[in-house]
Amino acid sequence: MHVLVASAPDGSVFLQRLDAAGRPAAPPEHLARDGLAGAVRRIEAAERPRWVWRRTPDWYSQLLAGDVPLGRCHDLSLCAGILAHSSYTTGYVPGTAVAAAGHPAPPHALPPAPLSPHQGSLFDHAAPAGPPPEALAAEFAEQLAAVSRSPHRPRLALLLAAESAGSLAAAEMQHAGVPWDARVHDGVLAERLGPRPPAGSRPALLEAKAAELRALLGAPGMNPDSPQELMRALHRAGIEARTTRAWELREYSHPAIAPLLEYKKMARLLTANGWAWLDAWVSDGRLRPEYVVGGVVTGRWSSRGGGALQIPAQVRSAARALPGHRLVVADASQLEPRVLAALARDEAMASAARGRDLYAGIAAAGFGGDRGRAKVALLGAIYGATTGESGRLMPQLARLYPRAVGFVEQAARDGERGLTVTTHLGRSTPAPSERWLASQRTATSEEQRRADTIARDRGRFTRNFVVQGTAAEWAECWIAELRLRLLGLRRKGLRAELVYFLHDEVMLHAEAAAADACAEAVEEAARSAGRLLFPGVPVEFPLSVAVVESYDQAK
DNA sequence: TCTACCCGCGCG
DNA sequence: AAAGCGCGCGGGTAGA
């Protein structure tokens, strides 16, 4: 049922079956490192165990290189991070078992900081050093015990399973990469910026735009990339902007504004996703970002390198299926508001969400059919808006949906008081910062004002945390269910791979013949995620799914 | 010359 | 039209 994989002190690989409580259930096997893939493949086929290891990337990237996909795992390091903070359990301290087993690593630190990308590539196939196998087995048993004594055992168990499945999916996506056509990308750049220039100089169209701008502002030699120079030039031209942000500049009517906004757009494309980006992050026709599972406090993933979680609309046409293949792109519609309706058990909001478009449903129920205002009001409730249109609409929203609004208000009040808040499955906020604690020990009224600001900031954070974090849990359950279905399709000879994940959106690269089955699998996985998180709660999580040749054709 | 920080903008 | 959450990144800038 569980198989621990670890490095033995002598450099061999240590495999051991563990029982349901994490205790050794059979004598360990020692394997030579090059025997690992074969052994794992055999055990996976025969037993479909949950693989237990310190960190998924340590083992799974080499297994994927040997084409050994796995169904389930338990990532001790990620689960330690969750359990250490979770208000759903008590008495768990990460690394205690490791330290007790005599490992010289510092206590409280089962997972040292992740390897830097450079180290990762250098040592990918080297022996991952770390605590001895017995210590990892003891740590696993500690984690299972922490789940067992939780009053929310099923939820916490689901969270650890989903996070671990996420680590498998992340490794698979990094291994596969997004199919990326550098010629298409280069074409986009050439059309918007001009042909690729020598390194260090501006492409022709960008340089021309800079010249036009200098002429219109009467500022020869001005470098538009320098905020200071730009600000001086704007002021001399009578544009009294306080910042150089695009949305503020849009307020002014002056002949230089339009070219300036165009310049900023073009310069952004060049620096963020230009030729240098292509050179650095696309190789062998694939964009291979590194995903950091649980990299955000709320449980969302972050990424390292290439800004993979911010691929701008402008270059999405370069993400193209290979010949004979399709991209299946799916995203969850209005995920966060729907999660809020489920969290708060708000029947009224759930019924407004019954259709495809939640905002339209809410608009019809109480905003005179004005979808835009309904959306602003709801997002304002989730983010904690107090001023502007969104702030003004709050009372109206609260009358319509007292349970939903009350739920986020409670999370905000708790945060302001320095309490921990927790997602549906059990991810809790870290303790308030030292800055927060210090701010509460104040005397003067000046300090008190600052303390209030800090408390309100934390209130907005905790308000959003419960919703964003629970949405991340839904998405992780979704991807977990999806990858199991893809493994099933693979056994039927239908090949498809997960290639991209972005908070509430997934992309598959599938053989054309498998595309429809993939679209169905994505839908099934979403229904399953809803049932796993909120059994019996009548909130729907509809998707929009597109089968396309390139990413820009989706939605 | 190097480092740490801020700004601005892209994504959800 | 534009303030309220979470990120990563590149370039400019200030200080060492």
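Atom set for the values below is all heavy atoms of this structure, side chains included, hydrogens, waters and symmetry mates excluded. Just so we're on the same page: letters track the sequence lines, and every chain starts at 1.
- Closest to the side chain of Pro227(A), out of dA2(C), dG12(C), dG4(C), is dG12(C).
- Ring orientation note: the planes of Trp301(A) and Tyr291(A) are nearly perpendicular, at an angle over 60° on the 30°/60° scale.
- Side-chain proximity of Ala313(A) to the nucleotides dC9(B), dC11(B), dG4(C) is greatest for dC11(B).
- For Tyr383(A), whose side chain is taken as the heavy atoms from C-beta onward, the closest listed nucleotide among dG12(B), dC9(B), dG10(C) is dG12(B).
- Residue contacts for Val467(A): at a heavy-atom cut-off of 4.0 Å it reaches no nucleic acid atom on any strand shown.
- Comparing Arg250(A) and Arg460(A) by the nucleotide of DNA chain C that holds the closest heavy atom to each, the one mapping nearer the 5' end is Arg250(A).
- Taking atom CH2 of residue Trp281(A) and atom P of nucleotide dG10(C), one finds them 8 Å apart after rounding to whole Å.
- When the P atom of dG4(C) is taken as reference, atom CZ of Phe461(A) falls 18 Å away, rounded to whole Å.
- Salt bridge annotation for Arg326(A)-Glu549(A): present, with a cationic side-chain nitrogen under 4.0 angstrom from a carboxylate oxygen.
- Residue contacts shown for Gly388(A) are absent, as no nucleic acid heavy atom lies under 4.0 Å away.
- In terms of phosphate contacts, Ser302(A) brings no side-chain nitrogen or oxygen within less than 4.0 Å of OP1 or OP2 of dC7(C).
- Between the side chains of Asp370(A) and Tyr359(A), no donor-acceptor pair of N or O atoms lies under 3.5 Å.
- Residues Leu508(A) and Glu497(A) fail the side-chain proximity criterion, which asks for heavy atoms closer than 4.5 Å.
- At whole-Å resolution of the value, NZ in Lys265(A) and C1' in dG10(B) are 8 Å apart.
- Within the 4.0 angstrom heavy-atom criterion, only backbone atoms of the sugar-phosphate kind lie near Glu251(A); the bases stay farther away.
- Rounding to whole angstrom units, CD of residue Glu473(A) and P of dG12(B) are separated by 21 Å.
- The side chain of Arg300(A) places no N or O atom within less than 4.0 Å of a non-bridging phosphate oxygen (OP1 or OP2) of dG6(C).
- The listed nucleotides are dG8(C), dG6(C), dG4(C); the one nearest the side chain of Gln310(A) is dG8(C).
- Leu378(A) places its CG atom 16 Å from the P atom of dC5(C), with the value rounded to the nearest Å.
- For an aromatic pair to be called close, the ring centres must be under 6.0 Å apart, and Trp275(A) with His185(A) fails this.
- Contact check, Thr386(A) against dG4(C): a side-chain N or O comes under 4.0 Å of OP1 or OP2.
- Using a 4.0 Å heavy-atom distance criterion, Ile311(A) is classed as a sugar-phosphate-only contact.
- A distance of 6.0 Å or more separates the ring centres of Tyr500(A) and His509(A).
- Across all strands shown, the partner of dC11(B) is dG6(C), judged by Watson-Crick or G-U wobble contacts whose two distances both fall under 3.5 Å.
- Within 4.0 Å of Gly305(A), counting heavy atoms only, lie sugar-phosphate atoms of the nucleic acid but no base atom.
- One interatomic measurement links the two molecules: CE of Met231(A) to P of dG12(C), which rounds to 16 Å at whole-angstrom precision.
- For the OP1/OP2 pair of dT13(C) and a distance below 4.0 Å, the side-chain nitrogens and oxygens of Ser226(A) include at least one atom meeting the criterion.
- Residue Arg268(A) contributes atom CZ, which lies 14 Å from atom P of dG8(C) at whole-angstrom precision.
- Between Gln228(A) and the phosphate of dT13(C), there is a side-chain N or O to OP1/OP2 separation shorter than 4.0 Å.
- Backbone-only engagement by Ala246(A) is indicated by non-hydrogen atom pairs under 4.0 Å involving sugar-phosphate atoms exclusively.
- The phosphate of dC7(B) has neither OP1 nor OP2 within less than 4.0 Å of any side-chain N or O from Thr243(A).
- Counting non-hydrogen atoms under 4.0 angstrom, Gly306(A) reaches the backbone sugars and phosphates but no base.
- Taking only side-chain atoms of Arg245(A), from C-beta outward, the nucleotide of dG10(B), dC9(B), dG12(C) with the closest atom is dC9(B).
- Rounded to whole Å, the distance from CG on Asn273(A) to P on dG8(C) is 16 Å.
- Using a 4.0 Å heavy-atom criterion, one finds that Arg373(A) contacts no nucleic acid atom at all.
- Put simply, the side chain of Ser253(A) does not reach to within 4.5 Å of the side chain of Ile257(A), judged on heavy atoms.
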